[in-house]
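One structure is given here, and the rest of the page talks about it.
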Amino acid sequence: MECAGKGSGTRCLGPARKRCGRCGAVSYCSASHQISHWKVHRGECERLEQQMKNLDLLNDFPFTFSEESTVQISEKQESRCSFLRKRGIHQVGLWVCECRCGASVTSFGNSRLESDTWNLSNILCPCRGPSSPIAKALCSWKDYYEWRCIPLESPVSLLLHWPLTVYHAIQLAGLGSLTSEISKLCIHYLGPEKELLQLAVFGELRALFPGVFVQIELIGPAVPHHRDGDKIDLHSYAHCIEQDCDCRYKNENTSRSIGHTSSAVTLQLHRGYYHDRFLDISKDSLPHLVIAPNAGIAAYASWLPTIELIKEINVPAVFSDYCEEACNLAACCINAVTNQPPRLPIQLNPFRQPMVVEDSPLHLPCYSNCFLFAM
């Protein structure tokens, strides 16, 4: 935990062990730093106090491992590494960047995809198509696991929060009914980072939107120069670890290709900022949805021209972030640019990643894709 008053003029005097007595969300190294930081913290203290009251709600997941992946990691009884190691998925396949000792986005190399394998048995992962169509909109991880016939001990939600957040964003934007009327769904996906090492999980959108060709343009500065323009067709679901499972034979292999249109999900990579690349990407038509997972809008000035562009093209845009406070700050930035409140208020994402972020700057638990709002 970092001192909230760090950088306020004087050097920190030690570990940040003195918590704010009112909100309990931030800590300080000393009383002097707490006093000097009050002029900043005063405007957020009451808001953070209310957010701290929602701890149990944030940690509420239906999985058998929920206590371990939330409270125990927050209290350092467990770590992300130990959690993954116990399940035989530490630093392997799609899981390589799910802990601090794993790969970074700079590892996104020349291979077709870094991995298309769950490294789990077929009982624990969605390696084949669903046994039945979605009867009604999925509203929770429990709904999804029941539909896909996956036991609640399976950790696949730790990766599937990416496509399930896309699915939920489409429902929030009012596009759910549209997917039954159109043959192609175009999504502009802003700021991918870790996802670049987990692209195979987006194959699950085939099951979530059957009969719809899903085209996702992934745009961001983390896309390596040598992958700019790459097109990846996902012809199958990510595979299980079983060598004799029919998921390896019933589906074509996932591959990078040019000109193929047979896949239900196509990803195309673009290096750069959205406002710089938009005209190149949208020559033919506008997207149905813009989504920016874990956006960090308040932290990066480069978002401002992108927000202006999204306002101009008037396309539904959904943003997520690691905690409610980050969304509050983002909404304020967007309001300053657009003079409009969020189109959809800040709300908890039922498909947030069910493993807490380690070493959060706040005592609030943070989760990938934790809260959503829209403009």
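None of these values were measured; they are calculated from a predicted model.
Hydrophobic clustering, with ILVMFWY side chains joined whenever heavy atoms are under 4.5 angstrom apart, keeps L329 apart from V40. Hydrophobic clustering of Ile, Leu, Val, Met, Phe, Trp and Tyr side chains at less than 4.5 Å, counting indirect connections, unites V265 with I134. Both V92 and L160 belong to a single network of hydrophobic side chains, linked directly or stepwise wherever heavy atoms of I, L, V, M, F, W or Y lie under 4.5 Å apart. By the rule that hydrophobic residues join a cluster once side-chain heavy atoms approach within less than 4.5 Å of another member, I73 and V71 end up as members of separate clusters. Note on L185: it clusters hydrophobically with L208, by side-chain heavy-atom contacts below 4.5 Å among ILVMFWY residues.
Under the 4.0 Å criterion applied to side-chain N and carboxylate O atoms, E204 and R148 are assigned as salt-bridge partners. The residues E98 and K194 are annotated as salt-bridged, a charged nitrogen and a carboxylate oxygen being separated by less than 4.0 angstrom. No salt bridge links R85 with E78; every basic N to acidic carboxylate O contact stays at or beyond 4.0 Å. Checked for salt-bridge contact, R271 and D276 miss the test: no charged N lies under 4.0 Å from a carboxylate O. At a threshold of 4.0 Å, the pair E358-K76 does not count as salt-bridged, since none of the basic side-chain nitrogens sits closer than that to a carboxylate oxygen.
In this structure, K18 places its NZ atom where only 12 or fewer heavy-atom neighbours from other residues, nucleotides or ligands lie under 6.0 Å away. Within a 6.0 Å radius of NZ in K142, other residues, nucleotides and ligands contribute 12 heavy atoms or fewer. In E312, the CD atom is not crowded: 12 or fewer heavy atoms of neighbouring residues, nucleotides or ligands sit closer than 6.0 Å. Within 6.0 Å of OH on Y273 lie no more than 12 heavy atoms contributed by other residues, nucleotides or ligands. Other residues, nucleotides and ligands contribute at most 12 non-hydrogen atoms within 6.0 Å of the CD1 atom of I123. More than 12 heavy-atom neighbours from other residues, nucleotides or ligands sit within 6.0 angstrom of CZ on R22.
Just one residue in the list F202, W162, Y274 forms a ring pair (Phe, Tyr, Trp, His ring centres under 6.0 Å) with Y189, and that residue is F202. In summary, of the residues considered (K53, R47, M52), a side-chain contact (heavy atoms from CB on, under 4.5 Å) with Q50 occurs for K53 alone.
In this structure the side chain of N119 never reaches within 4.5 angstrom of the side chain of L94, judged on heavy atoms. Within the 4.5 Å cutoff, the side chain of V156 has heavy atoms near those of the L120 side chain. At least one side-chain heavy atom of E325 sits less than 4.5 Å from a side-chain heavy atom of L48. Looking only at side-chain heavy atoms (C-beta outward), T266 and K231 come within less than 4.5 Å of each other. In this structure, the side chains of I89 and P155 come closer than 4.5 Å at one or more pairs of heavy atoms. In this structure, the side chains of E153 and L124 come closer than 4.5 Å at one or more pairs of heavy atoms. Counting only heavy atoms from C-beta outward, the side chains of L190 and V290 approach each other to under 4.5 Å. Looking only at side-chain heavy atoms (C-beta outward), V315 and H288 stay at 4.5 Å or farther from each other.
Remark: side-chain polar atoms of H37 are paired, donor with acceptor, to backbone N or O of A4 under 3.5 angstrom. The backbone N or O of F61 sits less than 3.5 Å from a side-chain atom of S66, completing a donor-acceptor pair. With hydrogens and angles ignored, the 3.5 Å screen pairs a side-chain donor or acceptor of S30 with a backbone N or O of H33. Formation of a donor-acceptor pair under 3.5 Å by the S27 side chain with backbone atoms of R17 is not found in this model. Between the D116 side chain and the A200 main chain, no donor and acceptor come within less than 3.5 Å of each other. At distances below 3.5 Å, not a single donor-acceptor pair connects side-chain atoms of W118 with backbone N or O atoms of V201. For the pair N328 (side chain) and E324 (backbone), a donor-acceptor distance under 3.5 Å is present.
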In residues 342-351, what donor-acceptor pairs under 3.5 Å come from side-chain atoms, sequence neighbours left out?
from: Q347; atom 1: NE2; to: P345; atom 2: O; distance (Å): 3.1
from: N349; atom 1: OD1; to: F351; atom 2: N; distance (Å): 2.9
from: N349; atom 1: ND2; to: T165; atom 2: OG1; distance (Å): 3.0
from: N349; atom 1: ND2; to: N369; atom 2: O; distance (Å): 2.9

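With 3.5 Å as the limit, one finds a donor-acceptor pair spanning the side chains of H41 and E44. For the 3.5 Å distance criterion, the side chains of D321 and Y367 fail to qualify, holding no donor opposite an acceptor. A side-chain donor-acceptor contact under 3.5 Å links S368 and N294. Using modelled atom types, one finds a donor on one side chain and an acceptor on the other under 3.5 Å when comparing H275 with T306. Side-chain contact, Q215 with E217: a donor N or O sits under 3.5 Å from an acceptor N or O.
For V356 against P365, the heavy-atom pair with the smallest separation is CG2-CB, 3.9 Å. In plain terms, the two heavy atoms of A222 and E193 that are nearest each other are CB-CG, 4.1 Å.
Here CD1 of I241 is found 11.0 Å from CG of N122. Values are rounded to the nearest 0.5 Å.
The other members of the hydrophobic cluster of Y322, by chain and number, are V357 (side-chain heavy atoms under 4.5 Å, ILVMFWY only).
Remark: R19 fails to qualify as a cation-pi partner of Y28 under the 6.0 Å distance and 45° angle criteria applied to the six-membered ring.
Outside the 6.0 Å centre-distance limit, the rings of Y167 and Y144 are not counted as a close aromatic pair. In summary, the aromatic rings of F319 and F371 are positioned with their centroids too far apart to meet the 6.0 Å limit.
Using the six-membered ring where Trp is involved, Y145 and W141 have ring planes that are perpendicular, over 60° apart on the 30 and 60° scheme.
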